[in-house]
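Chain identifiers are assigned alphabetically (A, B, ...) following the order of the sequence lines, protein sequences preceding nucleic acid strands; residue numbering begins at 1 within each chain.
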There are 2 protein chains.
Amino acid sequence: MDYYKQQTKFLVAVDCVVFGYEAGEIKLLLYPRAFEPVKGSWSLMGGFVREDESSDQAACRVLQQTTGLNDIFLEQVATFSAPEREIYERVISIAYFALIRIDRYKKSKADEFGAKWWPINELPNLIFDHDEMIRQALKKLQQKAGTSLVGSELLPRKFTLLQLRKLYEAIYQREFDPGNFRKKMLSLNVLERMDHKNSTESKKGAYYYKVKADKIEEELERIVKY
Amino acid sequence: MDYYKQQTKFLVAVDCVVFGYEAGEIKLLLYPRAFEPVKGSWSLMGGFVREDESSDQAACRVLQQTTGLNDIFLEQVATFSAPEREIYERVISIAYFALIRIDRYKKSKADEFGAKWWPINELPNLIFDHDEMIRQALKKLQQKAGTSLVGSELLPRKFTLLQLRKLYEAIYQREFDPGNFRKKMLSLNVLERMDHKNSTESKKGAYYYKVKADKIEEELERIVKY
DNA sequence: TCAAAAGTGTTTGGGCTACACCCATGT
DNA sequence: ACATGGGTGTAGCCCAAACACTTTTGA
């Protein structure tokens, strides 16, 4: 046991890459660092791990505090541990990625901090290695969306196939053939057509779909190549 | 800065899932825990992260110390942080997976600890959450081998297509059609045929191949489904 | 009437699978 | 001679990609 006592201890934090989807774009929730060093740069939602919680719980707590939301999709990305990655003190940080529906977000504590949604292609300067965290998180999101309908976590509960396709186009930064995308998605047998239509995005009107209740978390065969 | 000072610090460790390949089987390097608690159970190669190093460097150091090898393929798997995952003291552990050629390993410090190679299908009881680390590491290995020739890290520098196929069969725990496997591998254009043959494993003799020097780390299109 | 999305159908090509088949050679 | 792996060829199937076409309706 003495061996344990000789060892160095470290501050351990979590940083959450919070993805949202709005106006046809993937967006990220960031807040401005209000104090030196690197004041004015933007930061991921983060916080320190506490004595009585796992890092998963810490990430969950951070999101609860900053977005007011509780039942959020959350997954580990990687751990960043370079000795010089922060400035004043060494911190080992476990990066997570989260998916939330911006329409559920609305007002919350995050606004008090000046938090803002940034389109993924127009990000500001970020502190420390947060840009690398985002890069890896996006890759994870693409992998995840390729084998599950996790993408629908970013949409309202009911959505049209146009909305779903636009979301996938935003995630993968490329276009999909409308007919083929529709056939592929429907062939997976995880979507359930509802009995009413959305008429705001097309003249003809498109049926709403929702994910079948028992298929939400299901692992599927490849949906899209990545 | 006061905010930093109030936070709890943690012991941070690395645990390495060391994969090897021998006699047609994937094997894992483990050593027996010599002291209580859980004396007699087996453990992954691990160690604490030090003040002046990243976790990557720590994992590298642990492998150097236990196997004598330096230039080893090493990749992060995930971080395990449940408060009760160890017994006497809380330790947050970053799991890595490593690939080494058993023929390069031979004698080393690890033998002094009683380290032993275990076939992946006949593992002993493991301490803490090490079995879960192995499960996730194997999954990572399968993904990695599916998009790169990382598998050849486990073979001698030159190898026959039979040896490569047997390795992939061991990694994915399923059989591959000999003809199709050969065609697929050669079509990737990353293997270079050498001008001599191996005659120990077949009457006819099979050409040796090696990975083209400039293609070792290359990301490929899908090699095998997983 | 026209544009734009909804929704369905068809064709094509590439790749994977399952085999068949010949070659070389040690026993 | 025969068993075994080395190595090549091929027919069938599935699926993704490309794209044609019809429907519906608001502007």
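Considering only residues two or more places apart in sequence or on other chains, Asn125(B) meets the side chain to side chain donor-acceptor pair (under 3.5 Å) condition with none of them. Partners of Glu22(A) according to the side chain to side chain donor-acceptor pair (under 3.5 Å) rule, which considers only residues two or more places apart in sequence or in another chain, are Lys27(A). Among residues two or more places apart in sequence or in another chain, the side chain to side chain donor-acceptor pair (under 3.5 Å) test is passed with Tyr208(A) by Asn198(A). In this structure Arg165(A) satisfies the salt bridge (charged side-chain N to carboxylate O under 4.0 Å, His left out) test together with Glu169(A), sequence neighbours excluded. Contacts of Arg61(A) classified as salt bridge (charged side-chain N to carboxylate O under 4.0 Å, His left out), with partners at least two apart in sequence or in another chain: Glu53(A). Residues satisfying the side chain to side chain donor-acceptor pair (under 3.5 Å) test with Lys183(B), not counting sequence neighbours, are none.
In this structure, the NZ atom of Lys197(A) is 14 Å from the P atom of dT23(D), given to the nearest Å. Taking atom OH of residue Tyr207(B) and atom P of nucleotide dC23(C), one finds them 16 Å apart after rounding to whole Å. If you measure from atom CE of Met185(A) to atom P of dA6(C), you get 15 Å, rounded to the nearest angstrom. Across the protein-nucleic acid pair, Lys166(B) atom NZ and dG5(D) atom C1' stand 10 Å apart, rounded to whole Å. The CZ atom of Phe181(B) sits 18 Å away from the P atom of dG15(C) (whole-angstrom rounding). Protein atom CZ of Arg182(A) is 20 Å distant from nucleotide atom P of dC15(D), rounded to whole Å. Taking atom CG of residue Asn198(B) and atom P of nucleotide dT4(D), one finds them 18 Å apart after rounding to whole Å.
With hydrogens and angles ignored, the 3.5 Å screen pairs no side-chain donor or acceptor of Arg33(A) with any backbone N or O of Gly40(A). Proximity of a side-chain donor or acceptor of Tyr168(A) to a complementary backbone N or O of Ala145(A) within less than 3.5 Å is detected. Of the possible polar contacts, one joining the Ser54(B) side chain to the Gln57(B) backbone as a donor-acceptor pair under 3.5 Å is found.
Annotation: of the two residues near DNA chain C, Glu201(A) and Leu186(A), the 5′-most nearest-nucleotide partner is Glu201(A).
Thr67(A) OG1 to Ile100(A) CD1: the interatomic distance, rounded to the nearest 0.5 Å, is 5.0 Å. The line from CE of Met194(B) to CZ of Phe159(B) is 10.0 Å long, rounded to the nearest 0.5 Å.
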Which atoms of nucleotides 16-18 of chain D (N or O only) lie under 3.5 Å from a protein N or O atom, and what are those distances?
residue : atom : partner   : partner atom : Å
dA16(D) : OP1  : Lys184(A) : NZ           : 2.9
dA17(D) : N7   : Asn180(A) : ND2          : 3.4
dA18(D) : N7   : Asn180(A) : ND2          : 2.9
dA18(D) : N6   : Asn180(A) : OD1          : 3.1

With 3.5 Å as the limit, what N/O pairs link the protein to nucleotides 20-22 of chain C?
none

Protein-nucleotides 25-27 of chain C N/O pairs closer than 3.5 Å?
residue : atom : partner   : partner atom : Å
dT25(C) : O4'  : Lys203(B) : O            : 3.4

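The list of salt bridge (Lys or Arg N to Asp or Glu O under 4.0 Å) pairs with a residue in residues 146-160 of chain B, not counting sequence neighbours, is empty.
Of the residues in residues 156-165 of chain B, none has a non-hydrogen atom less than 4.0 angstrom from any atom of DNA chain C.
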For a quick test of your reading: what N or O donor-acceptor pairs under 3.5 Å do the side chains of residues 71-81 of chain B make, sequence neighbours left out?
residue  : atom : partner   : partner atom : Å
Asp71(B) : OD1  : Arg104(B) : NH2          : 2.9
Glu75(B) : OE1  : Lys144(B) : NZ           : 3.1
Gln76(B) : OE1  : Thr79(A)  : N            : 2.8
Gln76(B) : NE2  : Thr79(A)  : O            : 2.9
Thr79(B) : OG1  : Thr79(A)  : OG1          : 2.4
Ser81(B) : OG   : Ser55(A)  : N            : 2.8
Ser81(B) : OG   : Ser55(A)  : OG           : 2.8

